[in-house]
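Note that this is a predicted model, so its numbers are computed, not measured. One is the number of the first residue; the rest follow in order along the sequence.
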Amino acid sequence: MNISENGRRCHSLTYTGIVEGFLIEPATPPHNPNFEYDLLVDSMIGQAHAMGRAGIGSSTLDSYFIPLLDWENGWDDMSPAYTAMFAMLHGAIAHTVEVPTLSQNSYRAMVGLSYGAIDYVLTNKDALFQHQLELFARGVRGEDHRSVDEWFVNQEGDVIGRQRGAHDSFFPDYYVLPIGAAQKNELEAKRMVEYFLRNGIQVEQTTSPVAVNGVTYEQGTYVIPMAQAKRGFVNAMLYSGADLSDWTAMYDSVVVNFPALRGFDVVEVRQKDAFKGEAEPVQEVEWTSLAVHGKNSYYVVANSNNEAIQLVNQLLKAGKPVYVAAKSHRTVQEGDFIVRSRELQAHIEDFYVDATPLHNKSSVHVKRLSQPKVAVVGSAQTRYVIEQLGFPIVSTDEADVIVDDLGNFNRKEASGKMYVGIGGRSLQAIEEANVLKGFATGSTALNHEGLLEAVMEKNRYTAGYEKEEALYVTTGSWIAELPDKATILATVADRDDFLISGWWPEHEKARGQVIAASIEMNETDYVLFANDLTFRAHPQHSYRLLANSLFAAKESCTAPLLRMRPFEVTQSDTKGEKQLGGCSTKPKKLKPLVPVSD
């Protein structure tokens with residue numbers, strides 16, 4: 001059972017809610033299609049009545065209501081982010097409960113409700129156990145039972161069932177998490193495997209290369225066979241999700257999609273027994289340490305996961321030199337970090353990064369990084385993310401950059417600094433302040449949410465990202481107009497099917513619109529994202545957009561990295577010469593950094 005406090009559902013008992021009355025789930029549609037809802041709903045309704053009767057019998061409350069029976073929408077169980085929905089994916093019956101007041105009377109109602117829940121389980125334990133066994137059996141048999149379809153409806157109440165497309169089953173036969181070169185973020189893929197193992201999911205790993213549907217997966221590839229008891233739990237986390245924009249109301253966010261929001265590759269395989277005899281069960285994830293060889297003075301750390309950002313901040317905090325590639329050159333990509341081998345060696349057990357030796361004859365252009373001081377005038381979740389990435393947080397007076405996702409823009413505080421605005425509220429605050437001539441935002445509603453396909457422009461802010469990425473929007477917003485000198489960072493894909501999943505009525509208005517941009521004006525650098533970067537610490541694939549912006553607030557000038565002696569950064573003695581982070585604006589005066597054998 002899950003009780004809520006002010007609409008934020010949590011694990012512990014609280015005494016107040018956000019509705020008038022005594023609410024006991026089950027919830028309204030839309031229901032998550034990964035539930036075996038037909039095996040859960042009757043028992044959940046029965047237990048809800050038992051809890052309600054016991055609650056009013058123990059207090060002066062005179063009624064209760066069940067959203068599924070009394071409301072059309074607006075209290076759905078689509079998102080597994082809440083405890084009750086999470087429990088349902090494990091085959092349990094579960095409820096969120098709201099009481100109307102903060103009072104002794106509501107407390108008595110909750111005590112009685114708890115006894116009612118227990119009594120219902122004791123009285124009906126055989127039927128409950130039988131339904132749970134059948135739920136698990138459907139998974140083991142790989143059966144997509146059509147009796148569940150009647151519970152999955154659209155806003156009009158029409159039965160739409162599970163959306164199977166051209167397939168016989170809603171569920172694939174396997175999910176495959178590649179490793180090595182076929183995986184863009186092995187760190188997050190392995191974390192996903194650990195997440196599944198913690199939740200009792202069977203995960204396997206190939207014992208040799210396996211060819212499936214013309215693709216060869218290397219030895220050690222992670223495989224999740226979907227013929228298992230909790231296949232609905234797996235699918236709820238890995239499938240793309242659904243477009244629920246036809247609904248007139250939604251309780252909260254519905255996008256889960258770990259591959260898109262955490263940024264790792266997953267492959268859906270529909271071929272029975274494709275990996276039979278080719279893989280063995282995984283008991284735990286093996287984390288291999290990076291091998292760093294002293295024969296190379298410098299290593300390139302790819303800007304490909306969040307631990308690369310944490311490593312860089314750890315080195316900068318310790319006063320160690322870190323460089324960032326200003327341009328792509330051979331195997332070095334713009335935005336990759338260059339660190340000395342001895343510093344990387346000291347942290348190989350602390351961070352899981354993609355690092356390769358920098359060839360001693362390489363010549364790349366770099367910028368020296370300095371650690372920016374960050375002020376957060378937005379939400380606690382944004383502060384949490386920035387702290388997690390390792391950036392120092394200070395007051396606005398001390399800051400090099402101000403980060404805001406709530407619309408707390410202050411023109412005086414931002415002057416001479418970088419302002420990073422995240423989401424529709426911050427963008428609207430900028431527009432209302434009238435600090436950017438020619439800037440305007442667009443929005444359907446600030447509670448609309450969607451995962452969309454976006455086209456990324458190549459520059460310092462988008463370094464480490466592919467040409468097309470899935471970006472997450474939680475405020476139904478975009479950038480409608482930009483000043484002439486603005487730099488576009490990302491745009492919504494200009495096609496009808498740009499929305500991957502979510503609840504975003506009238507989302508077609510965002511098609512082809514700018515989603516992120518940077519603007520330099522009036523001594524302030526503005527980096528503005530209509531997409532969300534930190535929402536509940538889930539869209540972790542977008543963290544590096546934030547990190548790139550923060551590093552840019554303290555970047556040095558560009559200097560060539562040539563085949564010459566390594567140097568320690570010193571201040572310039574030339575009068576009138578601008579010196580930033582150890583490199584000069586006069587290239588002929590430079591003593592370039594060079595990777596050579598020690």
Using salt bridge (Lys or Arg N to Asp or Glu O under 4.0 Å) as the criterion, point out the one residue from Asp144, Asp168, Asp149 that pairs with Arg162. Asp144
Could you walk me through whether Arg231 and Glu36 pass the salt bridge (Lys or Arg N to Asp or Glu O under 4.0 Å) test, one step at a time? CA-CA 11 Å; Arg231 54 92 189 267; Glu36 300 298 326; 3.2 Å; yes
Which atom names give the shortest non-hydrogen contact between [X] and [Y], and what distance separates them?
{"X": "Pro26", "Y": "Pro67", "result": "O-CD, 3.5 Å"}
{"X": "Ala510", "Y": "Val492", "result": "O-CB, 3.3 Å"}
{"X": "Pro172", "Y": "Met226", "result": "O-CB, 3.2 Å"}
{"X": "Leu406", "Y": "Gly378", "result": "CD1-C, 3.6 Å"}
{"X": "Ser169", "Y": "Arg270", "result": "O-NH1, 2.9 Å"}
{"X": "Asp76", "Y": "Asp252", "result": "OD1-N, 4.3 Å"}

Please walk me through it: do Thr491 and Ile515 pass side-chain contact (heavy atoms from CB on, under 4.5 Å)? CA-CA 5 Å; Thr491 56; Ile515 200 78; 5.7 Å; no
Does [X] have more than 12 heavy atoms from other residues, nucleotides or ligands lying within 6.0 Å of its [atom1]?
{"X": "Gln163", "atom1": "CD", "result": "yes"}
{"X": "Glu508", "atom1": "CD", "result": "yes"}
{"X": "Phe65", "atom1": "CZ", "result": "yes"}
{"X": "Phe129", "atom1": "CZ", "result": "no"}
{"X": "Lys467", "atom1": "NZ", "result": "yes"}

Parallel, tilted or perpendicular: rings of [Y] and [X] (30°, 60°):
{"X": "His90", "Y": "Phe86", "answer": "tilted"}
{"X": "His31", "Y": "Tyr37", "answer": "parallel"}
{"X": "Phe233", "Y": "Phe196", "answer": "perpendicular"}

Do the numbers put Lys190 on top of the ring of Trp287, so that NZ or CZ is under 6.0 Å from the six-membered ring centre and no more than 45° off the axis? yes
Is the shortest side-chain N to carboxylate O distance from Asp38 to Arg138 below 4.0 Å? yes
Got a salt bridge between Arg141 and Glu134, using NZ or NE/NH1/NH2 to carboxylate O under 4.0 Å? yes
Check whether any side-chain heavy atom of [X] sits under 4.5 Å from a side-chain heavy atom of [Y], and report yes or no.
{"X": "Glu449", "Y": "Val255", "result": "yes"}
{"X": "Arg511", "Y": "Asp494", "result": "yes"}
{"X": "Phe136", "Y": "Lys230", "result": "yes"}
{"X": "Asp62", "Y": "Ile56", "result": "no"}
{"X": "Asn199", "Y": "Met237", "result": "no"}
{"X": "Ile24", "Y": "Leu113", "result": "yes"}
{"X": "Gln310", "Y": "Phe351", "result": "yes"}
{"X": "Asn32", "Y": "Pro80", "result": "yes"}

For residues [X] and [Y], is any side-chain donor paired with an opposing acceptor at under 3.5 Å?
{"X": "Glu188", "Y": "His541", "result": "no"}
{"X": "Asp77", "Y": "Tyr82", "result": "no"}
{"X": "Ser106", "Y": "Thr101", "result": "yes"}
{"X": "Asn105", "Y": "Ser103", "result": "no"}

Exam field: side chain [X] to backbone [Y], donor-acceptor pair closer than 3.5 Å:
{"X": "Glu278", "Y": "Thr206", "answer": "no"}
{"X": "Ser43", "Y": "Leu40", "answer": "no"}
{"X": "Tyr465", "Y": "Leu545", "answer": "yes"}
{"X": "Ser501", "Y": "Asp243", "answer": "no"}
{"X": "Tyr543", "Y": "Ala537", "answer": "yes"}
{"X": "Asn154", "Y": "Asp158", "answer": "yes"}
{"X": "Thr475", "Y": "Leu446", "answer": "no"}
{"X": "Asp265", "Y": "Lys184", "answer": "yes"}
{"X": "Arg544", "Y": "Asn303", "answer": "yes"}
{"X": "Gln228", "Y": "Gly139", "answer": "no"}

How many angstroms lie between atom [atom1] of [X] and atom [atom2] of [Y], to the nearest 0.5 angstrom?
{"X": "Gln540", "Y": "Tyr472", "atom1": "CD", "atom2": "OH", "value": "13.0 Å"}
{"X": "Arg536", "Y": "Ser379", "atom1": "CZ", "atom2": "OG", "value": "11.0 Å"}
{"X": "Trp247", "Y": "Glu72", "atom1": "CH2", "atom2": "CD", "value": "7.0 Å"}
{"X": "Gln271", "Y": "Asp173", "atom1": "CD", "atom2": "CG", "value": "8.5 Å"}
{"X": "Glu204", "Y": "Thr221", "atom1": "CD", "atom2": "OG1", "value": "12.5 Å"}
{"X": "Leu451", "Y": "Trp504", "atom1": "CG", "atom2": "CH2", "value": "10.5 Å"}

Assess whether salt bridge (Lys or Arg N to Asp or Glu O under 4.0 Å) is satisfied between Glu194 and Arg191, documenting all intermediate values. CA-CA 5 Å; Glu194 288 188 328; Arg191 283 178 171 169; over 6 Å; no
Tyr222 vs Val176, test: side-chain contact (heavy atoms from CB on, under 4.5 Å). Steps then yes/no. CA-CA 6 Å; Tyr222 291 102; Val176 178; over 6 Å; no
Mind running salt bridge (Lys or Arg N to Asp or Glu O under 4.0 Å) on Arg53 and Asp119 for me, showing each step along the way? CA-CA 12 Å; Arg53 289 192 294 266; Asp119 180 70; over 6 Å; no
Could you walk me through whether His507 and Phe498 pass the ring-ring contact (aromatic ring centres under 6.0 Å, His included) check? CA-CA 9 Å; His507 60 265; Phe498 73 85; 5.6 Å; yes
Using side-chain contact (heavy atoms from CB on, under 4.5 Å), reason through Trp151 and Phe35 one step at a time and then give a plain yes or no. CA-CA 10 Å; Trp151 292 101; Phe35 295 144; over 6 Å; no
Audit row: Tyr195, Met192, side-chain contact (heavy atoms from CB on, under 4.5 Å) steps and yes/no: CA-CA 5 Å; Tyr195 178 85; Met192 191 80 243; 3.3 Å; yes
